[in-house]
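Bear in mind that the values here come from a model prediction, so they are computed numbers and not experimental data. Note: hydrogens, waters and symmetry copies are ignored here, and every other heavy atom, side chains too, is used.
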Amino acid sequence: MWYSMKLLGRCTMFALATTGVAKADVTTDAATQALLASAVQFEHAEGVPRDYQKAAAMYCEAAKRGSANAQFSLGWMYANGRGVVKSDAIASHLFSMASKQGHVAATSMMQFAPVSKAGDIPKCLTPEPAKLMAVVVPDSSFPAPAVYNNRDSRAIFQMVEKIAKKHDVDPQLVMAVIAVESGFNVNARSPKNAQGLMQLIPETAQRFNVKNTLDAEENIRGGIAYLKWLLAFFKGNVEMVAAAYNSGERTVERYRGIPPYPETQNYVRKIARLYQKTDHPYQSGLVKASPFLANRKPAVQ
């Protein structure tokens, strides 16, 4: 056990956890702070019977909400097999998440950590797949088949249609991306810190000037701008655009096609089921097209 209790006694660990508070946790909402406090109580039997499983579940929920302290504490539980199946790889991933938010103790622990991979993430932090259904809606303002899984999708479509038309992007492609990315959950967050309806990571949000990723209209505007850029970069090839939206355009270029990642391959299949066009018009002068698609015939412009 590389995070051995022999290396750090319980008191030392608790001191690290409390003195290594990340700045990000200072602004964590009250509900998350309360959840974290309850988890600590159950882990350390403070006024309640010790229950590692309950503590781990509470830490995970707080970690999902962005608490660096919870990410660190849950990592510690995975490192020691408390309430969860012991996993050094998952512990390393969680410590890395907390460290990126400035958590001092997590950063210290990284020197002992094995290198984590993308798949080293606890199941509790893995987003549940959106439960989608395709239905035919007779309303001509909401083209069929319309994909949605809650009553808010019509309001979202109105925003999508308005913004997408300004960028010459098919609203149905945007709706397919939103359905797969967030299931139309405005407040969706992923373990990789992707946020909002179109799951923009901080780098993409900054790249397309999105200040508040949890503002539905602003998030959609940024996501559509990114789709427009990808369509131009991959000359209207919808499969490549979908793969790049999931894994990044440079990854698609490196593999000269859909990367051999199960997550990305499944993502592309989901988009294809919801948006059955293989080509999409694009703005040819927006960006220099990817070299590996240089000889591809363009979509109708």
Counterpart residues, ring pair (Phe, Tyr, Trp, His ring centres under 6.0 Å), relative to F233 (two or more places apart): W229

Pair D168 + K228: basic N to acidic O under 4.0 Å: no

Main-chain N/O of N212 paired with E218 side-chain donor or acceptor, under 3.5 Å: yes

Any side-chain heavy-atom pair of N237 and T278 under 4.5 Å: no

L94 side chain reached by M97 side chain, heavy atoms, under 4.5 Å: yes

Under 3.5 Å donor-acceptor, N185 side chain and N187 backbone: yes

ILVMFWY network linking V287 to L227, side-chain heavy atoms under 4.5 angstrom: yes

Contact check, side chains of E249 and L230, non-hydrogen atoms, under 4.5 Å: yes

Y52/Y59 under ring pair (Phe, Tyr, Trp, His ring centres under 6.0 Å): CA gap, chis, key distance, verdict: CA-CA 10 Å; Y52 286 139; Y59 279 138; over 10 Å; no

Side chain to side chain, Q172 and L274, heavy atoms closer than 4.5 Å: no

Ring pair (Phe, Tyr, Trp, His ring centres under 6.0 Å) partners of Y78, counting only residues at least two apart: none

Q199 side chain to Y245 side chain, donor-acceptor N/O pair below 3.5 angstrom: no

ILVMFWY network linking I224 to F208, side-chain heavy atoms under 4.5 angstrom: yes

N/O donor-acceptor pair under 3.5 Å between S247 side chain and A243 backbone: yes

L35: hydrophobic cluster co-members (side-chain, 4.5 Å): F42, V48, M58

Side-chain touch I220/L197, heavy atoms, less than 4.5 angstrom: yes

